[in-house]
Visitor: 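Let me begin by handing over the structure; questions about it come next.
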Amino acid sequence: MYTSKISGLGSYVPENVVTNDDLSKVMDTNDEWIQERTGIKERRHIKKGDGNSTSIMGVKAAKIALERAKLTTDDIELIIFATLSPDMYFPGGGVRVQEMMNMRTIPALDVRNQCSGFVYAISVADQFIKTGMYKNVLVIGSENHSGGLDMTTRGRGVSVIFGDGAGAAVLTRSEEEGRGILSTHLHSEGAHAKELSLEGPSTEHWVPEIISENPQENIPYYPYMNGQFVFKNAVVRFSEVINEGLQANNLSATDINMLIPHQANLRISQFVQRQFKLSDDQVYNNIQKYGNTTAASIPIALTEAWEQGKIKEGDLVVLAAFGSGFTWGSAIIRW
Ligand code: UT7
C-alpha cells in the first residue's frame with residue numbers, strides 16, 4: 001500500500017511590499033479598516049519589470065522544493081499547477097513551468113479551484129501516487145492577483161485583500177503505513193459560483209461585448225465578492241471539512257499539532273481556532289504579511305511553518321481551505 005509524503009517545500013513572494021497606507025493613497029481605504037476586518041498589514045505585488053509572472057514565481061518556489069526533496073527535475077513524473085490567475089488564458093501554468101524547468105514530456109495539469117486549489121491539487125497528486133502510477137509529483141500554487149485587481153475605490157472591498165506569491169510541494173511515494181497524507185476531503189457548491197467570481201473576459205463575456213454592454217461602474221473583468229456571504233459560508237465549511245477529515249481517521253481536535261488554514265481572513269482563522277480550541281502556536285497565520293494569495297496561501301504558510309521548525313516528524317498537520325466556487329477541502333497529514 002502506497003502513501004504520499006511531502007518530501008520538499010518551497011515558496012517565493014515578490015520583493016515589492018505594498019502596505020495598507022500605500023493602498024490608501026490610490027483608493028478610499030485606511031490601515032485601521034483593513035487590519036480590523038482582515039488582519040492584513042501588507043501584501044506583495046509584482047512590480048512591472050521585476051521579471052515575475054504566475055508561472056515564473058511557481059518555478060522559483062518549485063526549485064526550492066525540489067532541492068529540499070533532494071530530487072532533480074528528471075525525478076518528477078507529473079506537474080500539477082493550481083491558480084486562478086494564469087499567465088495566459090490557455091495553455092495553463094503547468095506547461096510553462098515544464099518549459100522553464102527544462103523537464104521531460106511528463107504530463108502537466110492545471111487545477112482551477114481558486115482558494116482551495118492547493119488542497120485539490122495535492123489530493124489529485126495523492127491519488128496518482130496511491131495507485132502506483134507516479135512516484136514524485138510536483139504541486140505548485142501560484143497567483144498574480146495584482147495584475148487583475150481594480151485599484152480604485154470601486155474595487156476596495158476586494159483589492160485590499162489579495163496578494164501575489166507562490167508555494168510548491170513535492171509529493172513522494174512512501175510505503176510507511178500511517179505516515180504522510182492520511183486522507184483528503186473535497187467539496188463544492190456551484191449554486192454560489194457568482195458570489196466570488198470574475199466573469200470576463202470569458203466565452204460568456206468576450207471583450208467587445210463587455211465594452212458595449214457594460215457601463216463603467218459595472219465592469220465584469222474585475223473580481224466580484226459578496227464578502228459577508230462568503231465569510232458566513234467559510235466559517236461553517238472550514239469547520240465541517242476539518243471535522244470530516246478528523247473523523248475519517250478516528251482523530252479529534254486534541255490530536256492536531258498544526259492547522260494551516262487557507263489565509264482568507266485572519267478573523268476566519270481565529271474563528272476556526274476557537275471552534276477547535278487550538279492555541280496560537282497550533283495555527284499558522286501569515287496573512288498579515290502577504291494578504292490572501294488564494295492557491296498559493298497554504299503552500300507558502302506550510303513552507304514557512306516548516307522552515308521555522310513548527311512542524312516536526314510525527315506531527316498531525318491539517319490543511320483546510322474554502323473559497324470561490326464555492327469549493328472547499330481538507331488534508332490530514334501525519335508528518
Ligand atoms: O479566500 C476566499 C474567500 N474570501 C473570504 O473568505 C472573504 C470573506 N469576507 C471577508 O473577509 C469580509 O466580508 C471583508 C473583509 C471582505 C469585508 O468585511 P465586511 O465586514 O464584510 O465589510 P462590508 O463589505 O460589509 O463593508 C462594510 C463597509 C461598507 O461601507 P458602508 O456601506 O457600511 O458605508 C463598505 O463600503 O466598509 C466599506 N468598505 C471599506 N472601507 C474602507 C469596503 N471595503 C473597504 C475598504 N476600506 N477597503
Side-chain angles (χ1 to χ4, degrees), residues 18-43 45 82-85 111-120 141-143 145-146 148-165 167 187-189 192-198 217 222-242 260-273 275 285-288 290-301 319-330:
V18 177
T19 64
N20 294 341
D21 287 338
D22 291 333
L23 292 180
S24 69
K25 289 177 194 141
V26 294
M27 63 180 81
D28 181 12
T29 189
N30 57 77
D31 180 51
E32 196 191 344
W33 190 97
I34 300 172
Q35 283 211 50
E36 196 184 297
R37 310 267 173 150
T38 70
I40 300 166
K41 295 181 177 173
E42 58 190 43
R43 73 286 294 142
H45 282 178
T83 190
L84 62 70
S85 53
V111 168
R112 295 285 302 271
N113 279 65
Q114 302 70 248
C115 302
S116 48
F118 185 77
V119 173
Y120 266 75
S142 183
E143 304 285 4
H145 281 295
S146 63
L149 294 172
D150 180 357
M151 299 302 280
T152 69
T153 298
R154 185 182 50 202
R156 68 181 180 172
V158 173
S159 302
V160 301
I161 295 167
F162 294 98
D164 302 341
H187 295 275
S188 56
E189 191 175 24
H192 303 312
K194 293 204 171 172
E195 304 297 348
L196 175 46
S197 59
L198 195 163
E217 64 273 13
Y222 286 126
Y224 165 77
M225 177 166 72
N226 181 349
Q228 292 198 2
F229 185 74
V230 175
F231 193 104
K232 283 179 196 149
N233 278 267
V235 289
V236 172
R237 298 307 194 185
F238 263 107
S239 303
E240 269 179 18
V241 83
I242 294 168
I260 312 265
H262 159 56
Q263 304 290 293
N265 181 323
L266 190 60
R267 308 295 160 238
I268 295 177
S269 298
Q270 288 168 336
F271 182 92
V272 176
Q273 177 176 343
Q275 286 237 308
N285 287 302
N286 60 9
I287 191 170
Q288 301 90 330
Y290 306 131
N292 177 346
T293 59
T294 47
S297 93
I298 289 182
I300 295 174
L319 314 181
F322 174 88
S324 163
F326 292 152
T327 60
W328 63 101
S330 65

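Just follow the structure's listing: the first ligand is 1, and inside any ligand the first atom is 1. As the structure is a computational prediction, the values presented were derived from the model and not from experiment.
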Visitor: Report yes or no: does T83 contribute a side-chain atom to a donor-acceptor pair with the main-chain N or O of S142 at less than 3.5 Å?
Guide: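 Between the backbone of S142 and the side chain of T83 there is a qualifying donor-acceptor contact (under 3.5 Å).
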Visitor: Are I34 and T29 close enough that some pair of their side-chain heavy atoms sits under 4.5 Å apart?
Guide: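 Touching, per the 4.5 Å side-chain cut-off.
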Visitor: Tell me which donor-acceptor pairs under 3.5 Å the side chains of residues 294-301 have, and how far apart each pair is, sequence neighbours excluded?
Guide:
{"unit_1": "T294", "atom_1": "OG1", "unit_2": "E143", "atom_2": "OE2", "d": "2.8"}
{"unit_1": "T294", "atom_1": "OG1", "unit_2": "H145", "atom_2": "NE2", "d": "2.8"}
{"unit_1": "S297", "atom_1": "OG", "unit_2": "H262", "atom_2": "ND1", "d": "2.6"}
{"unit_1": "S297", "atom_1": "OG", "unit_2": "Q263", "atom_2": "N", "d": "3.0"}

Visitor: Under the salt bridge (charged side-chain N to carboxylate O under 4.0 Å, His left out) test, which residues partner D28, sequence neighbours left out?
Guide: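 Expected list: R156.
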Visitor: List, pair by pair, the atoms of ligand 1 and of the protein that are both N or O and lie under 3.5 Å apart, giving the separation rounded to 0.1 Å.
Guide:
{"unit_1": "ligand 1", "atom_1": "1 (O)", "unit_2": "H262", "atom_2": "NE2", "d": "2.9"}
{"unit_1": "ligand 1", "atom_1": "1 (O)", "unit_2": "N292", "atom_2": "ND2", "d": "2.6"}
{"unit_1": "ligand 1", "atom_1": "9 (N)", "unit_2": "G227", "atom_2": "O", "d": "3.0"}
{"unit_1": "ligand 1", "atom_1": "11 (O)", "unit_2": "N265", "atom_2": "ND2", "d": "2.6"}
{"unit_1": "ligand 1", "atom_1": "13 (O)", "unit_2": "G227", "atom_2": "O", "d": "3.2"}
{"unit_1": "ligand 1", "atom_1": "20 (O)", "unit_2": "R37", "atom_2": "NH1", "d": "2.7"}
{"unit_1": "ligand 1", "atom_1": "22 (O)", "unit_2": "R37", "atom_2": "NH1", "d": "3.2"}
{"unit_1": "ligand 1", "atom_1": "25 (O)", "unit_2": "Q228", "atom_2": "NE2", "d": "2.7"}
{"unit_1": "ligand 1", "atom_1": "36 (O)", "unit_2": "R156", "atom_2": "NH2", "d": "3.0"}
{"unit_1": "ligand 1", "atom_1": "37 (O)", "unit_2": "W33", "atom_2": "NE1", "d": "3.1"}
{"unit_1": "ligand 1", "atom_1": "41 (N)", "unit_2": "W33", "atom_2": "NE1", "d": "3.4"}
{"unit_1": "ligand 1", "atom_1": "47 (N)", "unit_2": "T29", "atom_2": "OG1", "d": "2.6"}
{"unit_1": "ligand 1", "atom_1": "48 (N)", "unit_2": "T29", "atom_2": "OG1", "d": "3.0"}
{"unit_1": "ligand 1", "atom_1": "48 (N)", "unit_2": "R156", "atom_2": "O", "d": "3.2"}

Visitor: With sequence neighbours left out, write down each residue that passes salt bridge (charged side-chain N to carboxylate O under 4.0 Å, His left out) with D21, or none if nothing qualifies.
Guide: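 Not a single residue meets the salt bridge (charged side-chain N to carboxylate O under 4.0 Å, His left out) criterion with D21.
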Visitor: Describe, in one word, how the ring planes of W328 and F322 are oriented to each other, choosing from parallel (under 30°), tilted (30 to 60°) and perpendicular (over 60°).
Guide: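 Taking F322 first and then W328, their aromatic rings sit tilted (interplane angle of 30° to 60°).
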